[in-house]
Participant: 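My questions all concern the structure below.
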2 protein chains.
Amino acid sequence: MVINNEEKKILSNYLAKRGLRDTAQRETILEAFLQAEGHLSAEELYDIVKSQDRSIGQATVYRTLKLFTEAGLAREVHLSDNSVRYEHLYNHEHHDHLICTVCNRVVEVKEPAIEILQSALAERHGFNLHDHRLYLYGICKDCRESQDSPNR
Amino acid sequence: MVINNEEKKILSNYLAKRGLRDTAQRETILEAFLQAEGHLSAEELYDIVKSQDRSIGQATVYRTLKLFTEAGLAREVHLSDNSVRYEHLYNHEHHDHLICTVCNRVVEVKEPAIEILQSALAERHGFNLHDHRLYLYGICKDCRESQDSPNR
DNA sequence: CTCGTTGTTGATAACCATTATCGGTAAGTT
DNA sequence: AACTTACCGATAATGGTTATCAACAACGAG
């Protein structure tokens with residue numbers, strides 16, 4: 001499987017630039033991360049990785065996710081229950097998160113108009129913005145409907 | 001000191017409604033919380049409370065902060081380092097957070113136009129919004145200037 | 001190829017904020 | 001006064017994350 005070549009190159013470049021090494025574990029973890037659907041926790045990724053290479057330790061997964069974040073391949077998403085998840089970052093445009101507080105589904109949404117207002121707002125307060133997180137909490141249509149129905 | 005009568009009434013009402021009790025500890029913690037500047041952690045509040053009543057335990061402060069949140073008097077703020085802080089909610093209009101990643105200063109800002117766009121966005125995806133958090137990360141003017149200066 | 005340096009790894013201990021447990025206490029009710 | 005039940009403080013437990021450390025592997029110099 002030669003998918004995700006781009007991401008592998010990015011990682012290799014980042015490692016080379018920092019004088020770090022390109023190891024089998026890091027590649028295994030990267031592949032597992034890229035093939036998984038977005039928004040997984042370190043532990044969930046560890047479970048996937050373990051199923052492919054039982055010898056990889058949990059600490060390595062934590063370390064490597066941090067590495068991906070520094071390399072610009074992943075981003076931490078902080079949920080409101082104080083848990084942390086990681087999502088793909090490369091080749092994914094910036095987006096905000098719509099989170100259903102009943103089923104915990106996460107929908108990625110985009111609203112350029114909001115971005116523009118944010119920049120202007122920050123500017124007015126003398127801030128140089130370099131990042132932002134917008135989390136919208138609500139109840140999705142499915143959950144609303146199953147809540148309304150009598151059998152629950 | 002008979003300040004913050006409003007908040008005390010809100011708490012009393014909430015407790016009565018739920019069949020809970022209005023205790024000295026809860027009043028002490030509420031006063032400490034209200035007199036402190038916004039955005040403190042449970043442990044910071046515990047330190048303040050302890051200085052007024054050494055007998056109050058840490059668990060009680062945690063429990064009571066949860067209570068304030070349920071009663072609509074406080075709100076949890078999740079910082080990007082995964083720490084949790086509490087801010088006053090009653091009589092404070094909704095606001096977003098501009099956070100300096102150098103000095104950790106938090107500025108409360110407001111932008112009604114953003115709120116409107118958020119509602120529309122959620123609606124388009126079938127969500128019933130009940131809450132949202134917007135965190136803008138950047139570097140404030142002060143930190144930018146002291147970074148630029150040679151003595152650092 | 002060998003040695004030495006240094007980044008990497010897995011196992012595990014440590015950490016730390018938060019939560020659960022529990023025995024005792026106090027408030028409110030009958 | 002007796003009873004019920006919420007509440008309290010102390011402390012143990014929890015659980016996600018990080019630090020430690022000895023063994024290991026990659027790489028460069030000689």
Side-chain angles (χ1 to χ4, degrees), chain A residues 11-33 39-71 74-86 104, chain B residues 11-33 39-71 74-86 104:
Chain A
L11 180 61
S12 295
N13 282 344
Y14 178 78
L15 293 172
K17 199 176 62 186
R18 294 267 313 258
L20 305 176
R21 290 173 189 162
D22 211 334
T23 66
Q25 287 92 334
R26 285 172 179 166
E27 292 220 355
T28 301
I29 296 171
L30 179 60
E31 277 187 21
F33 175 65
H39 303 112
L40 21 70
S41 66
E43 202 152 356
E44 283 165 359
L45 181 58
Y46 174 55
D47 286 340
I48 298 173
V49 166
K50 235 186 345 189
S51 71
Q52 297 183 346
D53 182 347
R54 182 149 303 272
S55 73
I56 292 182
Q58 193 168 14
T60 303
V61 174
Y62 275 94
R63 282 189 286 239
T64 307
L65 274 172
K66 282 242 151 71
L67 199 65
F68 292 169
T69 303
E70 291 163 20
R75 173 202 285 266
E76 295 183 352
V77 177
H78 294 254
L79 265 20
S80 67
D81 62 349
N82 221 26
S83 66
V84 179
R85 297 181 162 272
Y86 289 84
N104 281 317
Chain B
L11 180 61
S12 295
N13 282 344
Y14 179 78
L15 293 172
K17 198 176 61 187
R18 294 267 313 257
L20 306 177
R21 291 172 188 163
D22 210 333
T23 65
Q25 287 93 334
R26 285 172 178 167
E27 292 220 354
T28 301
I29 296 172
L30 178 60
E31 277 187 20
F33 175 64
H39 304 110
L40 22 69
S41 65
E43 201 153 356
E44 283 165 359
L45 181 58
Y46 174 55
D47 286 340
I48 297 172
V49 166
K50 234 185 348 189
S51 71
Q52 297 183 346
D53 183 347
R54 182 150 303 272
S55 74
I56 292 182
Q58 193 166 14
T60 302
V61 174
Y62 274 94
R63 283 188 285 239
T64 307
L65 274 172
K66 282 242 151 73
L67 200 64
F68 292 170
T69 303
E70 291 163 18
R75 173 202 284 266
E76 295 183 352
V77 177
H78 294 253
L79 264 20
S80 67
D81 62 349
N82 222 25
S83 65
V84 179
R85 297 181 162 272
Y86 290 84
N104 281 318

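Order of the sequence lines sets the chain letters (A, B, ...), proteins ahead of strands, with each chain counted from 1. Keep in mind that what you see is a predicted model, and the values were worked out from it rather than measured.
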Participant: Within residues 59-66 of chain A, which residues have any heavy atom lying less than 4.0 Å from an atom of DNA chain D?
Facilitator: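 Those residues whose heavy atoms fall under 4.0 Å from DNA chain D, taken from residues 59-66 of chain A in numerical order, are A/Ala59, A/Tyr62, A/Arg63, A/Lys66.
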Participant: Distance from A/Leu67 atom CG to A/Leu15 atom CG, nearest 0.5 Å?
Facilitator: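 Interatomic distance, A/Leu67 CG to A/Leu15 CG, rounded to 0.5 Å: 5.5 Å.
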Participant: Report the residues that fulfil side chain to side chain donor-acceptor pair (under 3.5 Å) with B/Ser83, sequence neighbours left out, ordered by chain and then residue number.
Facilitator: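 Checked B/Ser83 against side chain to side chain donor-acceptor pair (under 3.5 Å); matches are B/Asp81.
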Participant: Going by salt bridge (charged side-chain N to carboxylate O under 4.0 Å, His left out), name the residues that satisfy it together with A/Arg75, two or more places apart in sequence or in a different chain.
Facilitator: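 Per chain and number, A/Arg75 pairs via salt bridge (charged side-chain N to carboxylate O under 4.0 Å, His left out) with A/Glu87, A/Asp131.
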Participant: Would you jot down, in residue-number order, the residues of residues 43-57 of chain A having a non-hydrogen atom under 4.0 Å from DNA chain D?
Facilitator: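 Contacts with DNA chain D under 4.0 Å: A/Glu43.
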Participant: The criterion is salt bridge (charged side-chain N to carboxylate O under 4.0 Å, His left out); which residues satisfy it with B/Glu44, sequence neighbours excluded?
Facilitator: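 Listed in chain order: B/Arg85.
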Participant: Give me each pair satisfying ring-ring contact (aromatic ring centres under 6.0 Å, His included) with a member in residues 39-59 of chain A, each pair once, sequence neighbours excluded.
Facilitator: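 Residue pairs passing ring-ring contact (aromatic ring centres under 6.0 Å, His included), neighbours aside: A/His39-A/His97.
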Participant: Should A/Gln25 be listed as having a side-chain N or O under 4.0 Å from OP1 or OP2 of C/dG10?
Facilitator: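 Yes, within the criterion.
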Participant: Applying salt bridge (charged side-chain N to carboxylate O under 4.0 Å, His left out), can you list everything that pairs with B/Lys66, at least two apart in sequence or on another chain?
Facilitator: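 So B/Lys66 forms no salt bridge (charged side-chain N to carboxylate O under 4.0 Å, His left out) with any residue.
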Participant: Quick one: what's the B/S/- string for nucleotides 23-30 of chain C, heavy-atom cutoff under 4.0 Å, read 5' to 3'?
Facilitator: ---BB---
Participant: What are the 5'-most and 3'-most nucleotides of DNA chain D lying under 4.0 Å from any heavy atom of chain A?
Facilitator: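 Both ends considered, the range comes out as D/dG16 to D/dA26.
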Participant: According to side chain to side chain donor-acceptor pair (under 3.5 Å), who are the partners of A/Arg26, at least two apart in sequence or on a separate chain?
Facilitator: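 Scan of A/Arg26 (side chain to side chain donor-acceptor pair (under 3.5 Å), adjacent residues dropped) gives none.
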Participant: Can you name the residues that form a side chain to side chain donor-acceptor pair (under 3.5 Å) with A/Ser55, not counting sequence neighbours?
Facilitator: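 Result, side chain to side chain donor-acceptor pair (under 3.5 Å) vs A/Ser55: A/Asp53.
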Participant: Tell me the salt bridge (Lys or Arg N to Asp or Glu O under 4.0 Å) pairs involving residues 13-25 of chain B, sequence neighbours left out?
Facilitator: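 For residues 13-25 of chain B: B/Arg18-B/Glu70.
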